Amino acid sequence: MNKKVMRGTGLKLFIRNFSRNKLYSLVVVLGFATALTFVILLSVYVRQELAVDSFQENKDRIYRVINEKDYGYSGPMASILQQQFPEIECYSLFMLNKEGITPVSPTEKVRYTYAYVHPTFFKMFTFPLIEESPEEVMQEKYSMVITQSLARKLFGNESPLGKEIKIAGIAVPVTGVMKDIPENTHFQHFDAAVNIAGLSDYWGWKNGDILEQMGIATFSLYLMAKPGTDLKVREKDMLESFQKNVSQYQREDAPQKVVIEPLEQIYFSAYGGGWGKHNSKSLVLVMAAIVTVVLLLAIINYINLSIAQGGMRAKEISVKKLLGSSRRMLFSQFINESLLLSCIAFLIACGFSVLLEPVFNQLMDTHIEVASAFSPWMLFYALLLIGMVGFISGVVPAWVITRFNAMAVMKGVFRKRTKGIYSKILISFQFTVAIVLTICTIVLVKQTHFLQHFDMGFNRDHIARFSYVLDAGKKETLRNEVMKLAGVKEVVFACGDPIDGGNNYTFDCEGRRLSFQTFKVDTSFFRVFGLKTVPTGNTNQEGGEYTEFTYSNGKSSRTVLKYQSAWLNEEAVRQLGLGKLPLEFKINDRLQSVCGIVGDFHIRDLTQQLEPLMIYPMQALETPWSMLVQLQGNDQYVTFHEIETVYKKLSEGVPFEAGFLNDTIAHWYDRVDRISSMIGNLCLLAILLSAMGILAMATYFIQQRIKEIGIRRVNGATVQEILQMLMNNFIKWIVLAFFIACPVGYYVMNRWLSDFIYRTSLDWWIFATSGMIAFLIAGLMICWQSWKAATANPVDTLKTE
């Protein structure tokens, strides 16, 4: 036999072995490809998340100013910093507005989002301008830059330069066009940037320029440092400057630090704040860890399957060794086969990744593009990784199979000596990971269900919510038209509700700085939401900003000038330190009358503590933010669409948002739901890989004992006794995996749940269920192979041996 045949390391031999063991080959390739699909998708996602704002040319010089109280910043505060710190080259305030509406035809209007910024914004940030330069755009008080997409919607193929868009009734000329805001930036999407210099006019502010008001501190503040300087080291100095010059920083409860965040850290900021997108860096790192674990599981599974298959090929390898093949040549054969198989699995995984990309994007609420991620360098690194995986996956089985004496293998010694524990340890590791992931999945689903069905203190069923886009004078017309519908029970107009959280109002009370949420609502608000109320006995004669209120304390009565009467929730009463039924309290040295107490209910999602709240009656000429409709009857979706039809006729093409309250609350927890779905899919993958691994090893070890099984059967052993003998050998390793996985799973999920103010419990049944699933999967795999061996004819078995 010539040397080429003896080596048997070529493609021809690989194809022969592949086709000879079709089921084994298919299981290995598809299992490996499935795992690599997750690795590719998650790797692209992690890489994209870690690269947010990396495209900004000035990324090393841009910072955001933030504080632990999440207070905003004002124009004078920004000016103070630039005057006192020569390292600052320029700054820009930023505020997002989501209520832009402009007509495109007599019957159609477009809703868009715009941001108030300084003209320096385009000097600082790399949002490329298609027309005009950063130095020229937005130099006028009334000026704006719009994106390509908005330009096409409003003006088609015509140049938008010089055309006007109305903001709060003011015609604002378009002075520039920029490319659409990319996904990989911390800024929330906006369609236009408006010069902040005109803000006072857009808001109808009559008390001077808003940008000169120290107290109007509602903006995000971005600074750009001069080249070669570092603003991060000036945090303490900036805090001292604010404490000296800004009244908000001179109070007892003022922020105690100023944080200067580099641009690339804002996306993962622990402080949140501003109008930016945020993600948890720990979550991204967890995803990166999952990529590593899944890859490790795939390698372990391949090694187990290769060892199992290698046992069947032991005689083939021994014959080659006896015919002159060196151990090096045999190593080369296994490694080459593993590399070829890894490449095939990688190519299949690339195809799977492209096909599953839309599903992954929807699941993770992201916008990854697998194809664009494969640059020449990325492809090189991917192939290098696959080469390493293939090498490692081939070396271990090659080392196991080729280290025995050929003659000993031919005599059957190989089977006796390979009953070592390493493969079982690998199986235990796989099942440990699978059980931990199962625990995580159950807890994630349980927490999501807990949040979605938590009693928030108000009625949330059968209520539809519509954003209000009409003039204030049309709200009664809208109410009357909607109330005519048979499925409508009640209509409420509100500026603030449990969904949007209302306005924040910070004030001084008896020397303390307090921050309350405020609503302005119809009187039917309390009935629709089923809120418990207790009146205090104050009477209200409505009139202007301040109102005369007459109240009696049981002994005497008096009339005073106060703020318009308000309802307080119980949390507000606690924070104010008032009695059970307070009649008044002070806001900035003026009296505020209390007409009643409202039972506590949660505002916005459950990631926030219960908040103090003041509820005012809505005045006739006030424009509400939303219309809430309480529905009745069995055809509520039909009624919902009927309301939309009525609303569209009155809105004359102005787009509005609409939805059911319950659906909106469920959407709050989409992120937790997405994470649980992803972890659940990884759990299924881990269980699948573990099942494949244990099936392979069960087959392998049972084949080693096939002669022993035959002898026991001949000597009278029952099928049940044989099954028990074979299964006991594996079950103890699954038990070990269970006892390792439980404390790991508890620790991980207890840490994760600690981030929630309202959280579910880690019940014992979560761990028991996870263990039962693992035992069930392992038992099925082992039973299948054990049953086949135990029920085989012992005569045929011994004849074969």
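These numbers come from a predicted model, not from an experiment. In what follows, residues are counted from 1 in the order of the sequence shown. Side chains included, hydrogens not; waters and symmetry mates left out as well; all remaining heavy atoms used.
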Under 3.5 Å, which donor-acceptor pairs do the side chains of residues 481-497 form with other protein atoms, sequence neighbours left out?
{"from": "E481", "atom 1": "OE2", "to": "K484", "atom 2": "NZ", "distance (Å)": "3.1"}
{"from": "E490", "atom 1": "OE2", "to": "R527", "atom 2": "NH2", "distance (Å)": "3.0"}
{"from": "D497", "atom 1": "OD1", "to": "R465", "atom 2": "NE", "distance (Å)": "3.4"}
{"from": "D497", "atom 1": "OD1", "to": "I499", "atom 2": "N", "distance (Å)": "2.7"}
{"from": "D497", "atom 1": "OD1", "to": "D500", "atom 2": "N", "distance (Å)": "3.1"}
{"from": "D497", "atom 1": "OD2", "to": "R465", "atom 2": "NE", "distance (Å)": "2.9"}
{"from": "D497", "atom 1": "OD2", "to": "R465", "atom 2": "NH2", "distance (Å)": "3.2"}
{"from": "D497", "atom 1": "OD2", "to": "S626", "atom 2": "OG", "distance (Å)": "3.1"}

Next item on the list: Would you please name every residue forming a ring pair (Phe, Tyr, Trp, His ring centres under 6.0 Å) with F529, sequence neighbours left out?
Entry: F458, F525
Next item on the list: Report the relative orientation of the aromatic rings in F125 and Y222; use parallel for angles under 30°, tilted for 30 to 60°, perpendicular for over 60°.
Entry: perpendicular
Identify all side-chain donor-acceptor contacts of residues 116-123 below 3.5 Å with residues at least two apart in sequence or on another chain.
{"from": "Y116", "atom 1": "OH", "to": "Y114", "atom 2": "OH", "distance (Å)": "3.4"}
{"from": "H118", "atom 1": "ND1", "to": "L93", "atom 2": "N", "distance (Å)": "3.1"}
{"from": "T120", "atom 1": "OG1", "to": "Y91", "atom 2": "O", "distance (Å)": "2.6"}
{"from": "K123", "atom 1": "NZ", "to": "E89", "atom 2": "OE2", "distance (Å)": "3.2"}

Next item on the list: Could you note down all residue pairs passing side chain to side chain donor-acceptor pair (under 3.5 Å) where residues 636-646 supplies at least one of them, sequence neighbours left out?
Entry: H462-Q636, H641-E644
Checklist line | Qualifying residues under salt bridge (charged side-chain N to carboxylate O under 4.0 Å, His left out), relative to E476, sequence neighbours excluded | finding: R479
Margin query: Among residues at least two apart in sequence or on other chains, which ones pass side-chain hydrogen bond (donor to acceptor under 3.5 Å, both in side chains) with S149?
Written below: D180
Notebook entry, point to check: Do Y202 and N97 get their side chains close enough for a donor-acceptor pair, meaning under 3.5 Å?
Noted result: no
Notebook entry, point to check: After noting the C-alpha distance and the side-chain angles of L613 and F601, does the key distance pass the side-chain contact (heavy atoms from CB on, under 4.5 Å) rule?
Noted result: CA-CA 9 Å; L613 175 68; F601 61 94; 3.4 Å; yes
Notebook entry, point to check: Got a sec, which residues hit salt bridge (charged side-chain N to carboxylate O under 4.0 Å, His left out) with E571, two or more places apart in sequence or on another chain?
Noted result: R574
Check: Does N195 offer a backbone N or O that forms a donor-acceptor pair with the side chain of S143 under 3.5 Å?
Finding: no
Next item on the list: Mind checking salt bridge (charged side-chain N to carboxylate O under 4.0 Å, His left out) for R604 and listing every partner two or more places apart, or none if nothing turns up?
Entry: E611
Item checked: Partners meeting side-chain hydrogen bond (donor to acceptor under 3.5 Å, both in side chains) with R111 (sequence neighbours left out) -> E99
Margin query: Which label fits Y758 and F454: parallel for a plane angle under 30°, tilted from 30 to 60°, or perpendicular past 60°?
Written below: tilted
Note to self: Using a 3.5 Å distance criterion without hydrogens, assess whether the side chain of Y45 forms a donor-acceptor pair with backbone atoms of F360.
What the structure shows: no
Note to self: For E183, is there any backbone N or O sitting under 3.5 Å from a side-chain donor or acceptor partner on K277?
What the structure shows: yes
Note to self: Test of understanding: with side-chain hydrogen bond (donor to acceptor under 3.5 Å, both in side chains), list the residues that count as partners of K532, not counting sequence neighbours.
What the structure shows: none
Notebook entry, point to check: Between the side chains of T518 and N503, is a donor N or O closer than 3.5 angstrom to an acceptor N or O?
Noted result: no
Margin query: Is a donor from one side chain sitting under 3.5 angstrom from an acceptor on the other, for S515 and N504?
Written below: yes
Next item on the list: For the residue pair F127 and F190, categorise the inter-ring angle as parallel (less than 30°), tilted (30 to 60°) or perpendicular (more than 60°).
Entry: perpendicular
Margin query: Going by ring pair (Phe, Tyr, Trp, His ring centres under 6.0 Å), name the residues that satisfy it together with H453, two or more places apart in sequence or in a different chain.
Written below: H449
Notebook entry, point to check: Which residues pass the side-chain hydrogen bond (donor to acceptor under 3.5 Å, both in side chains) test with Y267, sequence neighbours left out?
Noted result: E49
Check: Any donor-acceptor pair under 3.5 Å linking the side chain of S593 with the backbone of S565?
Finding: no
Notebook entry, point to check: Does Y669 use its side chain to pair, donor to acceptor, with the backbone of L606 at less than 3.5 Å?
Noted result: yes
Next item on the list: Establish, from distance only, whether the side-chain atoms of T366 and N361 form a donor-acceptor pair under 3.5 Å.
Entry: no
Margin query: Please verify the inter-ring angle class for F526 with W567; under 30° counts as parallel, over 60° as perpendicular, anything in between as tilted.
Written below: tilted
